Number of protein chains: 2
Amino acid sequence: MLNDRKKKILQLIIEDYISTAEPVGSRTIARKYDLGISPATIRNEMSDLELLGYLEQPHTSAGRIPSAQAYRFYVDSLIEPGSLTDHDMALINSWYTERRRSIDDIFQSTAKILSRMTQNVSMVLANKDAAAVFRYIKFLPLDSNHAILCIVTDDGNVDNCVVEIPLGMRPEEMDYLAGRISRELEGKELSEISDDLLSALHMDVAEDKVLFTSFLQAIKRMSRKQNEQRVFLGGTKQLLNQPEFRDVERVKSLLGILEEEKVVRDLLVAGEDSGLKITIGTENKFTGIQDCSMVQATYRLNGKIVGTMAVLGPTRMEYGKVITVMDYLHKYLKTMFEQDQDKE
Amino acid sequence: MLNDRKKKILQLIIEDYISTAEPVGSRTIARKYDLGISPATIRNEMSDLELLGYLEQPHTSAGRIPSAQAYRFYVDSLIEPGSLTDHDMALINSWYTERRRSIDDIFQSTAKILSRMTQNVSMVLANKDAAAVFRYIKFLPLDSNHAILCIVTDDGNVDNCVVEIPLGMRPEEMDYLAGRISRELEGKELSEISDDLLSALHMDVAEDKVLFTSFLQAIKRMSRKQNEQRVFLGGTKQLLNQPEFRDVERVKSLLGILEEEKVVRDLLVAGEDSGLKITIGTENKFTGIQDCSMVQATYRLNGKIVGTMAVLGPTRMEYGKVITVMDYLHKYLKTMFEQDQDKE
DNA sequence: GTTAGCACTCTATTTATTGGAGTGCTAACA
DNA sequence: TGTTAGCACTCCAATAAATAGAGTGCTAAC
């Protein structure tokens, strides 16, 4: 086990390296932080820490940089929970209120805030609620041969599309048709409304083929929309601010990975189970980001996973800040979603 | 005026430079393209072209690169209209069909296609139709004290939101209320539905304050949505593929500009009047992109501007390809929008 | 156990050297 | 008069050599 002084020195080295991105030398530590010991002593300690696997030397005459093991130790044992400044909180609040029209906007804002606050790439995965229950459909007349088909689910979501109706069809007839279809499907989860079910319905209900086809399409689209997990990325530009990515090639390769929505989704889903997950360097099994670290937080509502957010950046990452920000966002989102739920 | 040989040489230099990004020397031209004249002759011609302002030398012993004036001449007089390969067209079609749920998806796809095909940043500005006319509102019951408020406009757009209703309010009462509000507002353009008008309405119609407030919010939100011009960016990542942007600082500064939605919007609006507009280097008055060129196409439907798309890149840009792609997209969009219009 | 001192190492930066691509000029040629 | 070969000249880019500096590791003294 490391003694207190070693821990302290290790912590200082890690934090100095995190903020400067330069290998840290014994003199730097002695000068910047008053430990009451000389560079030579620090040197001895550093030498020990290197043997123990916590530090690495890029070359003999450079300072030392933390190893993956050091970061692991740091996030597990050294880091102390911080709190956001009032200024940061105000900033976050203003960003959230800036644009909030739909659920999607909230996720998008989260990604944006996360990346701005941490200067790293952020990813947000929104799990859609596949359990929404079909309520009823309704036709809103538009003109002589068009109407709007509205599909209402019990969570208050409405999807609509314009459908062509037979010329001269009367509102009462449409209402009757809507009523019949509604009765057939009411109470079913959108996800269980399968093609089979719809075809069976077809036999049974549909007086009018054109109308029915439009209806089919709309409901399929809606259940697909509901089942979809969507990914929101933020701050891919921030990459350029990190010295690790001063090389354009590295930026390109990482952006190439992030561009593949499927990959990002898999990446996020993989770490979804635990509340807060930090993977450092090669701890992450996805190729291409093994020289990066990732901090991921998953949030739930009534035990169900609502979404997950993550920050991806160089292993030299401000873990403390990232965690603090995520924690705050987590609470913020919780409040928002619970409000939303109460409302419906 | 330039004689044919000078024109030919200038064209070859421009096209060679566009594809290689390297200064072009007399020998290169002589070797690559069989003009039947020696490098020395080409050298003389190049010397003339430099005096005339068409070519520049980065330094004495480098080849020459085209000046802004040369590009201008190139796009005005030298460029010959090309056509897309079948492969490209198939690619475009597949990208468009890949994801097409809403109007926004079409614009987003356009931006994506434009950037992929041209390897440059693309911008698409979607003008919203502020002239949508209010048709009616309708309440769809949800549960004992919530309903969905639907606002229908005559272009077939529906906006909806969940509103709280007084406990025990009966559907007939709600229908009555909806009917009265609808009659008041019917036929008005969304943009002319001002706060004043709504307040006046308030006095007159509203029996129920809570309900009415929700309704107000929804309609305001909808007219705002309709009035909004939205910007879609594509291929900011492609920047990194251009040798001009091998320097991270340059990338950052350009991305910084593109990040400001307002700036991009102004930029696009400024060039909206003409059908096809090409600005080369400093011809563009917006600071920060004066070392770039921009090709912009504005498309209209029934004389009204529907949107505008642009490609932004280094002055060394494949103008021919860009124009060809835009032309194709233009036609493609036209067909799509006209279909859409017919439908409604 | 701590520390000053010093030799040693290795890199990053600066400076010198060289090779090559390209021009411009001149003189000869058709 | 236009074209071209030849050659000196220029300037950059790439390579090589020299230098400065930061940092370590070791030793011996405290």
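Bear in mind that the values here come from a model prediction, so they are computed numbers and not experimental data. Throughout, protein chains are lettered first and strands after them, A, B, ... in sequence-line order, and every chain is numbered starting at 1.
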Does the base of C:dG22 carry an N or O that pairs as donor and acceptor with the side chain of B:Arg27 under 3.5 Å? no

For B:Arg43 and A:Thr28, find the nucleotide of DNA chain D closest to each by heavy atoms; which residue's nucleotide sits nearer the 5' end?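 Closest to the 5' end, via its nearest nucleotide, is B:Arg43.
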
Position toward the 5' end of DNA chain D (nearest nucleotide), A:Thr60 or B:Thr41: B:Thr41

Let me know the distance between [atom1] of [X] and [atom2] of [N], rounded to the nearest Å.
{"X": "B:His59", "N": "C:dG24", "atom1": "NE2", "atom2": "P", "answer": "12 Å"}
{"X": "A:Gln57", "N": "C:dT9", "atom1": "CD", "atom2": "C1'", "answer": "10 Å"}
{"X": "B:Arg31", "N": "C:dA21", "atom1": "CZ", "atom2": "C1'", "answer": "10 Å"}
{"X": "A:Glu45", "N": "D:dG23", "atom1": "CD", "atom2": "C1'", "answer": "18 Å"}
{"X": "B:Ile37", "N": "D:dA5", "atom1": "CD1", "atom2": "C1'", "answer": "15 Å"}
{"X": "B:Ile29", "N": "C:dA21", "atom1": "CD1", "atom2": "P", "answer": "17 Å"}
{"X": "A:Asn44", "N": "D:dC26", "atom1": "CG", "atom2": "C1'", "answer": "10 Å"}

With respect to the side chain of B:Ser61, which nucleotide from C:dT9, C:dT3, D:dT10 is positioned closest? D:dT10

Residues in side-chain hydrogen bond (donor to acceptor under 3.5 Å, both in side chains) contact with B:Arg27, at least two apart in sequence or another chain: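 Counting only residues at least two positions away or on another chain, B:Arg27 forms no side-chain hydrogen bond (donor to acceptor under 3.5 Å, both in side chains).
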
Counting N and O atoms only, with roles assigned by atom type, does the side chain of A:Gln69 sit under 3.5 Å from a partner on the main chain of A:Leu52, one being a donor and the other an acceptor?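 Yes; judged by distance alone, with no hydrogens or angles, the pair exists.
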
Do the side chain of B:Thr298 and the main chain of B:Thr308 share a donor and acceptor less than 3.5 angstrom apart? no

Which base, if any, makes a Watson-Crick or G-U wobble pair with C:dT15, both distances under 3.5 Å? D:dA16

Please name the nucleotide paired to C:dT3 by Watson-Crick or G-U wobble geometry with both distances under 3.5 Å, or report none. D:dA28

Hey, does the side chain of [X] come within less than 4.0 Å of [N]'s phosphate (OP1/OP2), counting only N and O?
{"X": "A:Ser38", "N": "C:dT3", "answer": "yes"}
{"X": "A:Ser26", "N": "D:dT24", "answer": "yes"}
{"X": "B:Arg64", "N": "C:dG24", "answer": "yes"}
{"X": "B:Arg5", "N": "D:dT3", "answer": "yes"}

Inspect the contact between A:Arg250 and A:Glu244 and indicate whether a charged nitrogen and a carboxylate oxygen are less than 4.0 angstrom apart.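 The answer is no: the pair does not qualify as a salt bridge.
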
Would you mind checking if B:Asp88 and B:Lys321 are paired as a salt bridge, meaning a charged N to carboxylate O distance below 4.0 Å? yes

